[in-house]
Amino acid sequence: MTDPADFRIVGSREVGRAGFLAITEETVEAPDATRVMRTVVRHPGAVVVVPVVDSTHAVLVRQYRAAVDGWLLEVPAGKRDVDGEPPEVTAARELLEETGHTAGRIVELAQFFNTPGFCDEYTHLYVALDLDAGGAREPVGLEEHAMVIEQVPLDEVDARIANGEIRDAKTIIGLLLARAHVAGAAGGRA
């Protein structure tokens, strides 16, 4: 097997911008000196936060997504668009903006690349616990103003994934990891 370190980017140029995204062409050199061009979408990164109520329900948002021209049931999430802001602070901000909740505790569960075949978006995933629903939602953008907040029982997650009601990858990952975390905490393991 070839050592991945033997591959390297030897050239890069920005070919376009679309809002907060940059599109680049990367020249990649393989170990045998073969060069190929790869198009990459550059993304500032994101946070995902799974708000859990009483260890039994997750707070989700149903919102319209233009990319799929439909409504998706998702966990609160947002891009890391404030320079220097720690991801856990971004997660708390997104939680308040989208649901009106604040969390007594925010615990990081994972970090992952969303679609590394063409995009460098890197996501920090948190579970939000000890929630206070006393805040005011601060929706940003047309879609967030129209979103609907729903509570989903954690014991229904598998069935809702299987029947296609939950089909967003970050939501699936987040719900499964949050449920495992809550179950572990209930069993005496935090």
Side-chain angles (χ1 to χ4, degrees), residues 1-51 58 60-99 103 106-128 138-144 147 161 166-178 180-181:
M1 184 166 141
T2 304
D3 182 347
D6 293 339
F7 286 85
R8 61 192 182 112
I9 294 175
V10 296
S12 179
R13 77 180 178 99
E14 187 173 302
V15 295
R17 281 212 161 264
F20 61 90
L21 299 173
I23 297 92
T24 63
E25 286 184 346
E26 308 295 329
T27 304
V28 178
E29 186 175 85
D32 67 359
T34 302
R35 290 187 176 191
V36 295
M37 188 73 64
R38 296 291 181 246
T39 302
V40 175
V41 175
R42 300 293 179 189
H43 188 287
V47 297
V48 173
V49 59
V50 183
L60 277 66
V61 295
R62 190 175 297 274
Q63 66 180 323
Y64 175 78
R65 293 296 196 175
V68 298
D69 190 22
W71 291 79
L72 294 177
L73 188 58
E74 304 178 32
V75 292
K79 63 185 168 293
R80 298 195 57 212
D81 55 359
V82 176
D83 283 341
E85 183 176 67
E88 62 275 7
V89 173
T90 308
R93 179 171 48 82
E94 290 293 336
L95 177 64
L96 181 62
E97 285 177 7
E98 294 189 12
T99 70
I106 293 183
V107 179
E108 187 172 55
L109 299 179
Q111 297 178 20
F112 54 88
F113 287 103
N114 293 46
T115 50
F118 70 91
C119 183
D120 68 352
E121 180 180 3
Y122 192 72
T123 297
H124 297 261
L125 168 65
Y126 298 90
V127 62
E138 301 173 8
V140 178
L142 181 67
E143 292 90 347
E144 282 189 12
M147 72 175 36
I161 293 169
I166 297 172
R167 53 198 164 127
D168 169 62
K170 71 181 177 305
T171 300
I172 294 169
I173 295 166
L175 288 171
L176 296 177
L177 290 177
H181 177 81

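Small disclaimer: the values here were computed from a predicted structure and weren't measured.
Under the 30°/60° scheme for interplanar angles, the aromatic rings of His124 and Tyr122 are found to stand perpendicular.
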### Task
Begin from the C-alpha positions of Glu74 and Gln63 and carry the test side-chain contact (heavy atoms from CB on, under 4.5 Å) through to its verdict.
CA-CA 8 Å; Glu74 304 178 32; Gln63 66 180 323; 3.7 Å; yes

### Query
Where do Glu144 and Glu98 land on the side-chain contact (heavy atoms from CB on, under 4.5 Å) test, with the steps shown first?
CA-CA 7 Å; Glu144 282 189 12; Glu98 294 189 12; 3.4 Å; yes

### Stepwise side-chain contact (heavy atoms from CB on, under 4.5 Å) check, Val127 with Leu177
CA-CA 8 Å; Val127 62; Leu177 290 177; over 6 Å; no

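Once rounded to the nearest 0.5 Å, the distance linking CZ of Arg17 with OG1 of Thr24 reads 10.0 Å. One finds the OG1 atom of Thr34 at 8.5 Å from the CD atom of Glu29 (value rounded to the nearest 0.5 Å). Atom CD1 of Ile172 is separated from atom CG of Leu175 by 8.5 Å, given to the nearest 0.5 angstrom.
Under the 4.5 Å side-chain criterion, counting only non-hydrogen atoms from C-beta, Ile173 is in contact with Phe112. Contact of the Thr171 side chain with the Leu73 side chain is not registered, since no non-hydrogen atoms from C-beta on lie closer than 4.5 Å. Residues Glu108 and Glu88 form no side-chain contact, since every pair of their non-hydrogen atoms from C-beta on lies 4.5 Å or further apart. Within the 4.5 Å cutoff, the side chain of Leu176 has heavy atoms near those of the Ile161 side chain. Annotation: side chain of His181 is not in contact with side chain of Val50 (no heavy-atom distance under 4.5 Å). Side-chain atoms of Leu72 and Tyr64, non-hydrogen and from C-beta on, never get closer than 4.5 Å to each other. Between Cys119 and Asn114, every side-chain heavy-atom pair lies at or beyond the 4.5 Å cut-off.
In plain terms, the two heavy atoms of Lys170 and Ala77 that are nearest each other are CE-CB, 3.5 Å. Considering every non-hydrogen atom in both Arg35 and Val10, the closest pair reads CZ-CG2, 3.7 Å.
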Return a table of donor-acceptor pairs under 3.5 angstrom between the side chains of residues 37-49 and protein atoms on other chains or two or more places apart.
{"unit_1": "Arg42", "atom_1": "NH1", "unit_2": "Asp120", "atom_2": "OD2", "d": "3.2"}
{"unit_1": "Arg42", "atom_1": "NH2", "unit_2": "Glu26", "atom_2": "OE2", "d": "2.9"}
{"unit_1": "His43", "atom_1": "ND1", "unit_2": "Gly45", "atom_2": "N", "d": "2.8"}

